[in-house]
Amino acid sequence: MKYFLIETDEKNRIPYSINKNHVIDVRILTKKDFDRLPMWNMVEMDFPREGFFPDMICTPFLLSSETYLKTVMMYQPDILFKGIKLWNKESGINATYMLTILEEPDCLSNKTQFNSVGNRILNLVLDKEKVFSKAVFRFKKYDKNGMIGRMDFVESILRRGIKGIKLTEIEVA
């Protein structure tokens, strides 16, 4: 089965400085502490001229549009999520997203290549044995933000017209 790294396409003019009012404490974005967040949160952001809201935003935390979240829930029904209203104070432009927490399995293959310091992955290779049943997950130690999706999940989001993402195939050993 093929897997893909799914990232926000940074070539688009997307919201930036998300969480500039520090409403979301990124330290509690774990399964254990997630209940400490309110169900809905108003988060300030900056919005560029002629900007657009993609279906997935990866930084500073994983945000999904309603369509994207519903698709993820088809494959991971037990996903944790909270509502986020992104809001630009100056212009009043806003959008609704869902803050999501995905599993982060230890799924590196011994064929994964690191840089000389050992803190950055140069060539990510997944261990087939450790990811065989997972359709959507995050990779904790990877230096890029995003999620990893199995081919059937990726096909599903593409059929639903998800916009603003970039896909990169990942090797599986």
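Computation of the quantities below employed the complete heavy-atom set of this structure, encompassing side-chain atoms and omitting hydrogens, waters and symmetry-equivalent molecules.
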Option among Leu63, Thr96, Asn94 that satisfies the side chain to side chain contact (heavy atoms under 4.5 Å, CB included) test with Leu86: Leu63
Side chain to side chain, Leu69 and Thr100, heavy atoms closer than 4.5 Å: yes
Heavy-atom side-chain contact between Leu99 and Leu62 under 4.5 Å: no
Residue pair Leu167 / Ile6, side-chain heavy-atom distance below 4.5 Å: yes
Cationic tip of Lys85 above Tyr97 ring, under 6.0 Å, 45° of axis: no
Residue pair Thr8 / Cys58: nearest heavy atoms and the distance that separates them: OG1-N, 3.1 Å
Euclidean distance, Asn19 CG relative to Asn41 CG, rounded to 0.5 Å: 9.0 Å
Donor-acceptor contact below 3.5 Å, side chain Arg13 vs main chain Arg49: yes
Leu122 and Phe114: CA distance, side-chain angles, deciding distance, side-chain contact (heavy atoms from CB on, under 4.5 Å) verdict: CA-CA 5 Å; Leu122 300 175; Phe114 293 88; 5.9 Å; no
Closest approach of Asp33 to Arg27 (non-hydrogen atoms, all atoms of both residues): OD2-O, 4.5 Å
Minimum-distance pair of heavy atoms, taken over all atoms of Glu44 and Asn21: N-OD1, 3.1 Å
Lys20, NZ atom: more than 12 neighbouring heavy atoms under 6.0 Å: yes
Smallest separation among heavy atoms of Thr30 and Ile101, with atom names: N-CD1, 4.4 Å
Distance in Å, Ser64 OG paired with Phe81 CZ, rounded so as to fall on 0.5 Å steps: 10.5 Å
From CA spacing to verdict: side-chain contact (heavy atoms from CB on, under 4.5 Å), Ile170, Val125: CA-CA 6 Å; Ile170 298 174; Val125 182; over 6 Å; no
pair Val136-Ile148: side-chain heavy atoms closer than 4.5 Å: no
Check: Lys89 and Trp87 side chains under 4.5 Å, non-hydrogen atoms: yes
Flag side-chain contact, heavy atom, 4.5 Å: Met147 against Glu7: no
Stepwise salt bridge (Lys or Arg N to Asp or Glu O under 4.0 Å) check, Asp9 with Lys11: CA-CA 5 Å; Asp9 190 350; Lys11 293 178 185 171; 5.3 Å; no
Exercise: identify the closest heavy-atom pair between Ser156 and Tyr75: CB-OH, 3.4 Å
Phe53 CZ to Lys163 NZ distance, which is reported to the nearest 0.5 Å: 10.5 Å
Same apolar cluster: Leu126 and Met1, side chain cutoff 4.5 Å: yes
Thr59 side-chain N/O to Phe61 backbone N/O, donor-acceptor pair under 3.5 Å: no
Hydrophobic cluster identity match, Phe34 and Met98, side-chain contacts under 4.5 Å: no
Ring centroid separation Tyr16 to Phe47 under 6.0 Å: no
Tyr68 OH to Ile165 CD1 distance, which is reported to the nearest 0.5 Å: 5.5 Å
Steps toward side-chain contact (heavy atoms from CB on, under 4.5 Å) verdict (Ile18, Ile57): CA-CA 10 Å; Ile18 294 172; Ile57 298 175; 3.7 Å; yes
Asp55 and Ser65: side chain donor to acceptor below 3.5 Å: yes
Contact check, side chains of Ile79 and Leu102, non-hydrogen atoms, under 4.5 Å: yes
Lys130 atom NZ, over 12 foreign heavy atoms within 6.0 Å: yes
Shared hydrophobic cluster, Val154 / Met73 (ILVMFWY, side-chain heavy atoms < 4.5 Å): yes
Same apolar cluster: Met74 and Met56, side chain cutoff 4.5 Å: yes
hydrophobic_cluster_shared for Ile28 and Ile24, side chain cutoff 4.5 Å: yes
Arg138 side chain vs Gly146 backbone, donor-acceptor pair below 3.5 Å: yes
Salt bridge Arg150-Asp152, side-chain N to carboxylate O under 4.0 Å: yes
Lys/Arg-Asp/Glu bridge criterion (N-O < 4.0 Å) met for Lys134, Glu103: yes
Distance (rounded to the nearest 0.5 Å) between Asp127 CG and Cys107 SG: 8.0 Å
Derivation and outcome, side-chain contact (heavy atoms from CB on, under 4.5 Å), residues Leu29 and Leu37: CA-CA 9 Å; Leu29 295 182; Leu37 277 176; 3.7 Å; yes
Leu124 side chain reached by Leu5 side chain, heavy atoms, under 4.5 Å: no
Greater than 12 external heavy atoms within 6.0 Å of Glu66's CD: no
Approximate separation, where rounding is to 0.5 Å, of Leu158 CG and Met151 CE: 10.0 Å
For Asn123 against Glu171, the heavy-atom pair lying closest together: ND2-OE1, 4.0 Å
